[in-house]
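Beneath this line is the structure, given in structure tokens, with notes to follow.
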2 protein chains.
Amino acid sequence: MSTPTADWLRLDQQICFSLNAASRAFGGVYRVVLKDLGLTYPQYLVMLVLWEDGELPVKRLGERLRLDSGTLSPLLKRLEAAGLVRRERSARDERSVQVRPTEEGLALRERAVEVPRRIAAATGFELAEIEELRARLDRLTSALDRAAAEG
Amino acid sequence: MSTPTADWLRLDQQICFSLNAASRAFGGVYRVVLKDLGLTYPQYLVMLVLWEDGELPVKRLGERLRLDSGTLSPLLKRLEAAGLVRRERSARDERSVQVRPTEEGLALRERAVEVPRRIAAATGFELAEIEELRARLDRLTSALDRAAAEG
DNA sequence: CGGCATTAGATTGTGCACAACTGAATTGTG
DNA sequence: CACAATTCAGTTGTGCACAATCTAATGCCG
């Protein structure tokens, strides 16, 4: 015997709402924690990738973070204005713009190592539970992307 | 053997990134599905509450959706401009503004009943799994809100 | 080589999230 | 009653997400 249609309709509305609410709640915590570093959450994500990769074109950055140039261009300009990042046209391919952290941007990493621990503490979750949730969310994202692509 | 501290800064280990990605992936699916109705996702949430409650002040709407007046005021103006909603100052308390669906807004409900089923199908998740995920996300949100409040 | 499609990034415009502030109405307290 | 504190909605300003469009550089193919 399957669940009545009307029931899972209601629950489904709540899952996206819960997800959205959780995402915004995270935003609130990050706002507090990142305030000292002078970063917003998306800017922090960009810096994470740069700390990992050292240097990469805007294109790759967008692929890593699922963001397009409409979001990244102004964001990178702000990071550049803050002195954390430099952007320069690639010599080999002048369509491409290389982004790399400045000395100041690299130095910021040492103050950022605190961040994940503080965030993890704020969730009140065990590491294993976080990991499981993350896996489930990634699976969800893949399914949703597939569905959106198919129309 | 535990994860080295340095690895905590890795992008792919940050739960918030997965959460944020899932939330935006949902956004993509809703954009497609809600296009026919002429609604954005947050506007759809507002209409859901109005279809349920019939009429309520902006304050209550904000409590239900975790949104403040800075978000709701312009959103409601757009819904009013679209003819789906009416806003009027309460006679009893003139600080308060009552929001209620117009005839057209109520009629839209019939075209919206399709939406949740299509979204649920896009997730590819079973009802039980959705429910469990929702419960976990709500618990996460509560913990994060508490942490943000404490600073 | 010439010409056309493709690619990278920037720009423009719309809408949402949120902080900070404003102004008007109401409530609580002396 | 007077008046200070609170409440509610709106406004302003910043930043992000995303679609659509633009420009310039590159690649490809005959």
Side-chain angles (χ1 to χ4, degrees), chain A residues 16-17 19-32 34-35 38-46 56-63 65-82 85 87-99 145 148-149, chain B residues 16-17 20-32 34-35 38-46 56-63 65-82 85 87-99 144-145 148-149:
Chain A
C16 62
F17 178 73
L19 195 60
N20 193 44
S23 180
R24 284 189 285 134
F26 254 122
V29 175
Y30 271 103
R31 227 183 313 284
V32 173
L34 293 176
K35 198 173 174 184
L39 294 175
T40 66
Y41 171 61
Q43 289 167 7
Y44 169 69
L45 291 183
V46 167
L56 75 178
V58 174
K59 183 71 197 293
R60 295 264 166 272
L61 200 48
E63 285 167 1
L65 300 175
R66 320 180 126 251
L67 293 171
D68 69 3
S69 67
T71 300
L72 284 176
S73 288
L75 189 156
L76 291 172
K77 272 191 186 178
R78 283 186 286 270
L79 283 181
E80 188 170 46
V85 143
R87 295 180 304 153
E88 45 192 33
R89 292 263 160 204
S90 163
R92 281 208 332 280
D93 183 346
E94 296 211 355
R95 292 170 304 181
S96 174
V97 169
Q98 290 289 317
V99 184
D145 280 349
Chain B
C16 59
F17 179 72
N20 192 45
S23 182
R24 284 190 286 135
F26 253 123
V29 174
Y30 271 103
R31 226 184 314 284
V32 172
L34 292 175
K35 198 173 173 185
L39 294 175
T40 66
Y41 173 60
Q43 288 168 6
Y44 169 70
L45 290 183
V46 166
L56 75 178
V58 174
K59 182 72 196 291
R60 294 263 166 272
L61 201 48
E63 285 167 1
L65 301 175
R66 317 182 122 248
L67 294 172
D68 69 1
S69 67
T71 301
L72 282 175
S73 287
L75 189 156
L76 291 171
K77 271 192 184 175
R78 284 186 285 270
L79 283 180
E80 188 169 45
V85 144
R87 295 180 304 152
E88 45 191 32
R89 292 262 159 207
S90 163
R92 281 208 330 280
D93 185 345
E94 296 211 353
R95 290 171 306 181
S96 173
V97 169
Q98 291 288 316
V99 184
L144 291 170
D145 280 350

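To find a chain, count down the sequence lines: A is the first, B the second, and so on, and within it residues start at 1. These figures come from a predicted structure and were not determined experimentally.
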Separation of [N] [atom2] from [X] [atom1] (nearest whole Å):
X: A/Glu94; N: D/dG27; atom1: CD; atom2: P; value: 12 Å
X: B/Asp68; N: C/dA17; atom1: CG; atom2: C1'; value: 8 Å
X: A/Glu63; N: C/dT7; atom1: CD; atom2: P; value: 12 Å
X: A/Glu80; N: C/dG9; atom1: CD; atom2: P; value: 14 Å

Contacts table for residues 23-30 of chain B: side-chain donor-acceptor under 3.5 angstrom, sequence neighbours left out:
| unit_1 | atom_1 | unit_2 | atom_2 | d |
| --- | --- | --- | --- | --- |
| B/Arg24 | NH1 | A/Arg66 | O | 2.8 |
| B/Arg24 | NH2 | A/Leu65 | O | 3.2 |

Within the 4.0 Å limit for protein heavy atoms, which parts of nucleotides 7-15 of chain D are touched? Write it as a string from 5' to 3', B for base, S for sugar-phosphate only, - for none. BSBBB---S
Given that A/Ala25 and B/Arg92 both sit by DNA chain C, which one's nearest nucleotide is further toward the 5' end? A/Ala25
Can you name the residues that form a side chain to side chain donor-acceptor pair (under 3.5 Å) with A/Arg60, not counting sequence neighbours? A/Glu63
Which atoms form the tightest heavy-atom contact between [X] and [Y], and what is the distance?
X: B/Gln98; Y: B/Pro57; value: NE2-CD, 3.6 Å
X: A/Lys77; Y: A/Arg87; value: CG-NH2, 3.4 Å
X: A/Val58; Y: A/Leu76; value: CG2-CD1, 3.8 Å

So B/Leu39 and B/Leu79, side-chain contact (heavy atoms from CB on, under 4.5 Å) or not? Walk me through it. CA-CA 9 Å; B/Leu39 294 175; B/Leu79 283 180; 4.0 Å; yes
